[in-house]
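Data first, discussion second: the structure below is written as structure tokens.
Order of listing sets the numbers, starting from 1, for every ligand and every atom in it.
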Amino acid sequence: MNKLTKDCWSVFTEGCKEIRVDYRYYAAELNAGSSFLSEEQLYVNPVNCFIFSKEQFSESIELELNIPPFWQVATSLRANDTTLMADNFDELADSPFICSAHLQHDEYKVNETLFHLWFNGESKPDWDRLKTDFSAFTKAQIEKFGEFPVSEYHFLFQILPYKAYHGVEHCKSTVIALGPSYDVFGDEYKELLGVSSHELYHTWNVKAIRPIEMHPYDFTKENYSQLGFICEGVTTYMGDLFLLKSGVFTLEQYFNELNGQLQKHFDNFGRFNYSVAESSFDTWLDGYVPGAPGRKVSIYTEGCLLAFVTDVRILRATNNHYGLDEVMKRLYYDFALAGKGVSESDYKEVLENISGTSFDDLFNDYIHGTRPYESILLESFEYLGLEMEHVPAKSYAAGKLGFKSIKSNARVTAIYPGSPAFLGGLMLDDEVISVNGYKLNADLDKWLSYFADTEKNLVVQRAGRHIALRLPEVQRYFYSDYTVKVQDKPIGSQKKAFEAWKK
Ligand SMILES: [Zn+2]
């Protein structure tokens, strides 16, 4: 046997008809896309750890589970007791499963489609509330598309005792990791709804409507694509918008999510450096973490804001008749169901056909360019009778000194170029220990505002050393807080557009 690449072996069969491969996999990571084994559960994302041969890729597969007799199995795979069955490797790779003695299950139906809700881990599901809310946003999404792409669907929740927020989409299921347990049906419930609506929307957008570069998916290498602003951007926008459209979110809850995206957008100076299309291509490198400061943008945030602008432009061009959901519907029927991947020009062509207007500037200046979004955002808000306000950040450190930090340990997470923090030599990951000689106790901002009129001398801990810094005075504001609200007196046409947008 020869190892050819990091994940590929060649076997000299020399005439033998059958080969058996025994191997072990270290399953010790617990998030929405990993595999994990403990005395409580066997959780597998097959794409992590199952091998395949090119020759047998399309053959049906049987998977025999060796688990305690009283354990249940949550999965979208067909099951016969402890045997799971997949039509081919592609289905197996895309079908995670959780085997556990503590699964909690319920279900709901929309039209003829059955939706399963599985909870694993310490959790007290509020079934009535879950089924009411999930039925509402599921129904709204299906109504816009006209049909659901698969006959049965499973939400697999891994509820964790610590803070977690992560979801991964699959063809007939999703795994969602959330925590801490005690907040999931309290403060974190809006997150549960947000990620669930997002992952459900992926059943159409990504699992069916697929970027051409990922059609078919190649499991042996990175599948580069510039279309993250469609896959994740449109999904982020639509996931939240469907919570509003279905009445699960109030307008205030929806605006909170939108404010979060605006805040992330304006806080990230990477927007002057790297386009969303370029950032999408690099998702394989550091797409899910901040990475080098100011280098790149998020396909989720920028994609969501561009999807909003696109939606409003279509509404405006069609006298509020069509929105972005109509574009996604056409892509589903004309591309996904026809077995075709979607390229950027396909997407642009459908946008232009439905709206009857050119999207050249959006693609050249904003998707592939780094032109500031302010004007197109304001124009979109104005059309709907909304307005975006920005005021100096409430936090003294962010507004006056130009840095953000984690409250509990004062670890620096963001620095505004040209601000006192920047000029004074503060670095990301520095932990502020004291202000003017006073040791901090999760009260950095209080001490900084207390010394508002005085020179500010900080001691920070950096790479194992204590370092003294002096922050110079700069008379202006740096970070701002962004919020969207309904205008005081929207006019008739704005009210009409607003109603059409959230219908
Ligand atoms: Zn997503």
Side-chain angles (χ1 to χ4, degrees), residues 31-34 45 47 76 93-96 134 137-138 140-141 144-145 148-150 153-158 164-178 188 190-211 213-215 217 222-244 249 254 257-258 260-261 264-265 276-277 279-290 296-308 310-311 324-325 327-328 331-332 336 341-342 347 367:
N31 61 42
S34 60
N45 267 282
V47 75
S76 66
D94 200 23
S95 306
F134 275 59
F137 72 72
T138 305
Q141 293 194 16
K144 286 288 173 182
F145 274 104
F148 195 62
V150 294
Y153 190 84
H154 297 255
F155 288 93
L156 308 176
F157 291 98
Q158 284 282 16
Y165 176 81
H166 185 208
V168 177
E169 69 276 15
H170 300 280
C171 191
K172 301 174 187 169
S173 64
T174 174
V175 179
I176 293 171
L178 278 176
E188 296 290 311
K190 59 183 187 315
E191 312 295 342
L192 184 150
L193 292 171
V195 67
S196 299
S197 179
H198 176 109
E199 300 307 334
L200 186 72
Y201 196 83
H202 270 317
T203 318
W204 290 276
N205 188 26
V206 161
K207 299 318 297 183
I209 303 165
R210 187 79 66 91
E213 300 86 355
M214 298 186 192
H215 195 277
Y217 200 82
E222 291 84 353
N223 293 234
Y224 293 103
S225 170
Q226 296 198 327
L227 302 186
F229 66 93
I230 306 175
C231 305
E232 291 303 348
V234 171
T235 303
T236 298
Y237 173 63
M238 286 296 183
D240 286 339
L241 190 59
F242 271 107
L243 290 171
L244 176 68
F249 267 11
Y254 176 79
E257 300 302 317
L258 187 59
Q261 300 294 353
K264 282 190 238 168
H265 168 79
V276 67
S279 301
S280 170
F281 194 87
D282 282 4
T283 306
W284 295 95
L285 296 176
D286 59 359
Y288 302 99
V289 293
K296 56 121 207 252
V297 294
S298 157
I299 54 175
Y300 295 84
T301 299
E302 315 300 288
C304 169
L305 296 179
L306 291 176
F308 167 67
T310 303
D311 194 18
L324 183 57
D325 44 18
V327 172
M328 300 312 288
L331 292 178
Y332 175 66
V342 174
Y347 176 63
I367 292 170

Within less than 2.8 Å of the Zn ion (ligand 1), any N, O or S from C231?
->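 C231 does not place any N, O or S atom closer than 2.8 Å to the Zn ion (ligand 1).
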By atom name, which N, O or S atom of H198 is the nearest to the Zn ion (ligand 1)?
-> NE2
E232 atom (N/O/S) at minimal separation from the Zn ion (ligand 1) | OE1
Check the side chains of E169 and H198 for a donor-acceptor pair under 3.5 angstrom, ignoring hydrogens and angles.
-> no
D282 and S279: side-chain donor and acceptor closer than 3.5 Å?
->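 Side-chain D/A pair, D282 to S279: absent.
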Evaluate side-chain contact (heavy atoms from CB on, under 4.5 Å) for M328 paired with N205, printing each intermediate quantity in order.
-> CA-CA 8 Å; M328 300 312 288; N205 188 26; 3.4 Å; yes
Verify ring-ring contact (aromatic ring centres under 6.0 Å, His included) between F137 and F249, making sure each step is shown before the conclusion.
-> CA-CA 10 Å; F137 72 72; F249 267 11; 9.4 Å; no
